[in-house]
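First up is the structure itself, then whatever we jot down about it.
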Amino acid sequence: SYALRYGGVQNLDVIDVAAIEQTIENARKAFRDQFNPQERLLIDSITDRGVLSDSNISLAELQKLNVKSFAELLPIIEELQRRDLIERLPNDGSIEYRLSPLLLPAEPPKLPPENSESQ
């Protein structure tokens, strides 16, 4: 629907790959714009690390997020969890979070191997 809307706004006769790629980039920017700066930094931190936990976050990172302790991040984390953007991992040793599959890049479809035998 975004690609069709983009094509209509741009008066395109054909919606090609370039138009779809531009639409995806516009949607990505619009999606990021809905977060406040602290949420963006937290999501970026989880993206960079893969997993964010109370045991692997540095003091410098806490300062960058404008908090003094991991506990101060919990309300932000809970809000992102409520929106299904991050999820808590089951772990007895520490509190760990990762990005929700909704924010992970899609894997390319797995194509069946080409059959080199002619039939």
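Counting begins at 1 with the first residue of the sequence.
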Look at Arg88 together with Glu96 and state whether they make a salt bridge at an N to O cut-off of under 4.0 Å. no
Chi angles and distances behind the side chain to side chain contact (heavy atoms under 4.5 Å, CB included) call for Gln38, Leu42: CA-CA 6 Å; Gln38 197 173 30; Leu42 186 58; 6.0 Å; no
Hey, does Asp54 have a side-chain heavy atom less than 4.5 Å from the side chain of Tyr97? no
Flag the pair Glu61 and Lys64 as a salt bridge only when some basic side-chain nitrogen lies within less than 4.0 angstrom of an acidic carboxylate oxygen. no
Is any side-chain heavy atom of Gln81 closer than 4.5 Å to a side-chain heavy atom of Glu87? no
Tell me whether Arg83 is salt-bridged to Glu78, with the criterion being a basic N under 4.0 Å from an acidic carboxylate O. no
Thr47 side chain vs Ile43 backbone, donor-acceptor pair below 3.5 Å: yes
Please identify which of these residues, Ile57, Leu80, Asn66, Ile95, meets the side-chain contact (heavy atoms from CB on, under 4.5 Å) condition with Leu73. Ile57
If hydrophobic clusters are built by linking Ile, Leu, Val, Met, Phe, Trp and Tyr wherever their side-chain heavy atoms come under 4.5 Å apart, do Leu89 and Leu99 end up in the same one? no
How long is the span from the CZ atom in Phe70 to the OG atom in Ser53, to the nearest 0.5 Å? 6.5 Å
Sub-3.5 Å donor-acceptor pair from the side chain of Glu39 to the main-chain atoms of Phe35, do we have one? no
State the CD-CD distance between Glu25 and Glu21, to the nearest 0.5 angstrom. 10.0 Å
Cluster question for you: counting only ILVMFWY and a side-chain heavy-atom cut-off of under 4.5 Å, with indirect links fine, are Val51 and Ile76 together? no
Counting distance only, does the side-chain N/O of Ser100 pair as donor-acceptor with the main-chain N or O of Asp84 below 3.5 Å? yes
Atom pair CD/CG of Gln22 and Leu12 - distance to nearest 0.5 Å: 10.5 Å
Do the side chain of Arg49 and the main chain of Asn56 share a donor and acceptor less than 3.5 angstrom apart? yes
